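Given the structure is predicted, the values throughout are model-derived calculations rather than measurements.
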Amino acid sequence: MAGQAEKVFVPTDDELLQAQSDLWRHSLCYLTPMSLRCAVDLGVPTAIHRLGGAASPSELVAALSLPASKLPFLARLLRQLATAGVFSATDAGTYRLNPLSYLLVDGVRIDGDASQTAIVRAAASRYYVEAAMGMADWFRKDFDGPVPSPFEDVHGAAIFEESMTLLDPEMDQLIHDAVAAHDHMGIGPVLRQCRELFEGLESLTDCGGGDGTTARSIVEAYPHIKCTVLDLPKVMDKVLLPAEEGAVKYVSGDLFHVVPPAQAVLLKLVLHFWSDEDCIKILAQCKKAVPPREAGGKVIVIDIVLGSVSAGPMLETQHLMDMLMLVMTRGRQREEKDWSEIFTKAGFSGYKIVKKLGARAVIEVYP
């Protein structure tokens, strides 16, 4: 009603105390990935593994050859990481590996996937952090032409491009290693739980397949499939072909220009790096590479579908991955309606979400 004073929100004491605690947590949560990187750089997960899967702070100080004076500080680091779910704390005062920290043990392979330490090191690097710190300035700028990512704006270079190689070759390699670890992780559950995708297939091209880890896993599970790996020349130049290289064919090239023909094309965690316009171009090349649907032609997309989970840590992970794309690339994570739109614009007749696996979904797209 006119003249009636608007009611001012006043939090209760309990709400105010909870808000203060939440504010501290959100403001300080950057210390968790920094602590995780510290543990990875020190070799803590690998040391725990070599000590039988559980270790006390004093055992770790000795195993890692750290100064004895750092024992109380290491104990505090381990306590924080256990609180964050990286390690499991025991009543005996030791710390055990759990599924998360097991992924960070050097030399351990799960379903052919190597250690995920490159992801931790890249995400907590100064390049990533400085790009994120530049977001406010980036939002205020009115760019002419295509909008660069905050990473491009801050560093004057783009990931996956020659400009990054020239800026910092070691960081460029770390980014590629992190993307490879991110890409290869999880192919095992796909092969076991989505058998219908591969049964009856005669050939498959893995776009952006790097060193062929995913392709070799497919051939091992389904020996009748002939696999081709496509990646950029600078990636292929560094690929060390395994002894069984005859099982997989390697091709240097650019998926924007041509995709080696096959009955199916695999795009595993590729499209989220690119804008909608670029995704349509990539998908159009994939459509040219596969036969009609009646002959078994299809494109297999493995990527995040926002909204495929409704709540909890998995939903937060999806949204954090979208923020990572915002900061680092010109791409984004997409809702199902966004996927449907780019599939249609690329000339495909339809699609089916075959299965949701963790934060990702497996999508079969039909020409």
Greater than 12 external heavy atoms within 6.0 Å of [X]'s [atom1]:
| X | atom1 | value |
| --- | --- | --- |
| E15 | CD | yes |
| M34 | CE | yes |
| E170 | CD | no |
| E202 | CD | no |
| D22 | CG | yes |

Go through the steps for Y366 and E294 under the test side chain to side chain donor-acceptor pair (under 3.5 Å), then give the verdict.
CA-CA 10 Å; Y366 311 115; E294 295 75 21; over 6 Å; no
Any side-chain heavy atom of [X] within less than 4.5 Å of one from [Y]?
| X | Y | answer |
| --- | --- | --- |
| R121 | D41 | yes |
| M133 | P150 | no |
| V248 | T228 | no |
| M328 | Y128 | yes |
| V154 | W138 | no |
| E341 | K345 | yes |
| D254 | V258 | no |
| I119 | L103 | no |

Is there a donor-acceptor pair closer than 3.5 Å between any side-chain N or O of [X] and the backbone N or O of [Y]?
| X | Y | value |
| --- | --- | --- |
| T317 | P313 | yes |
| D172 | L167 | no |
| Q318 | A359 | yes |
| T205 | P260 | yes |
| Y30 | A124 | no |

Over 60° means perpendicular and under 30° means parallel, so classify the ring planes of [Y] and [X], tilted if in between.
| X | Y | answer |
| --- | --- | --- |
| F87 | Y95 | perpendicular |
| Y102 | H49 | perpendicular |
| F273 | F160 | perpendicular |

Answer with yes or no whether the hydrophobic clustering places [X] together with [Y]; edges join I, L, V, M, F, W, Y residues whose side-chain heavy atoms lie under 4.5 Å apart.
| X | Y | result |
| --- | --- | --- |
| M135 | Y127 | yes |
| L36 | M321 | no |
| V179 | L269 | no |
| L326 | V147 | yes |
| V362 | I225 | yes |

Check [X] against [Y] and note the closest heavy-atom contact, atom names and distance.
| X | Y | result |
| --- | --- | --- |
| P291 | P367 | O-CG, 3.5 Å |
| A346 | L283 | CB-CB, 3.6 Å |
| A54 | T94 | CB-OG1, 4.3 Å |
| A123 | V129 | O-CG2, 4.4 Å |
| L201 | K298 | CD2-CE, 4.1 Å |
| W339 | I304 | NE1-O, 3.2 Å |

Rounded to the nearest 0.5 Å, what separates atom [atom1] in [X] from atom [atom2] in [Y]?
| X | Y | atom1 | atom2 | answer |
| --- | --- | --- | --- | --- |
| H272 | L267 | NE2 | CG | 11.0 Å |
| R96 | I48 | CZ | CD1 | 10.0 Å |
| D276 | C279 | CG | SG | 6.0 Å |
| L71 | E59 | CG | CD | 11.0 Å |
| D206 | K249 | CG | NZ | 14.5 Å |
| L266 | C227 | CG | SG | 8.5 Å |

Among D322, D303, I342, whose side-chain contact (heavy atoms from CB on, under 4.5 Å) with R334 holds?
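Result: among D322, D303, I342, I342 is the only option passing the side-chain contact (heavy atoms from CB on, under 4.5 Å) with R334.
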With I363, which of I302, I300, V354, V305 fulfils side-chain contact (heavy atoms from CB on, under 4.5 Å)?
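The passing option is V305.
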Stepwise side chain to side chain contact (heavy atoms under 4.5 Å, CB included) check, D231 with S252:
CA-CA 5 Å; D231 217 316; S252 295; over 6 Å; no
For residues Q18 and D14, is any side-chain donor paired with an opposing acceptor at under 3.5 Å?
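Distance-only check fails for Q18 and D14.
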Does a donor on one side chain sit under 3.5 Å from an acceptor on the other, for D211 and T213?
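Yes.
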Walk me through whether F256 and W274 qualify under ring pair (Phe, Tyr, Trp, His ring centres under 6.0 Å).
CA-CA 11 Å; F256 280 95; W274 302 100; 5.0 Å; yes
[Y]/[X] salt bridge by N-O under 4.0 Å criterion:
| X | Y | answer |
| --- | --- | --- |
| E152 | R330 | yes |
| K141 | D137 | no |
| K281 | E277 | no |
| D338 | R332 | yes |

As a quick check of understanding, evaluate side chain to side chain contact (heavy atoms under 4.5 Å, CB included) for T329 and S149, giving each step before the final call.
CA-CA 5 Å; T329 76; S149 67; 5.5 Å; no
If you apply the rule side chain to side chain contact (heavy atoms under 4.5 Å, CB included), what do you find for T46 with R50, and how did you get there?
CA-CA 6 Å; T46 301; R50 290 173 178 170; 3.5 Å; yes
Test log, rule side chain to side chain contact (heavy atoms under 4.5 Å, CB included), inputs H155 and E130
CA-CA 9 Å; H155 299 299; E130 288 172 358; 3.2 Å; yes
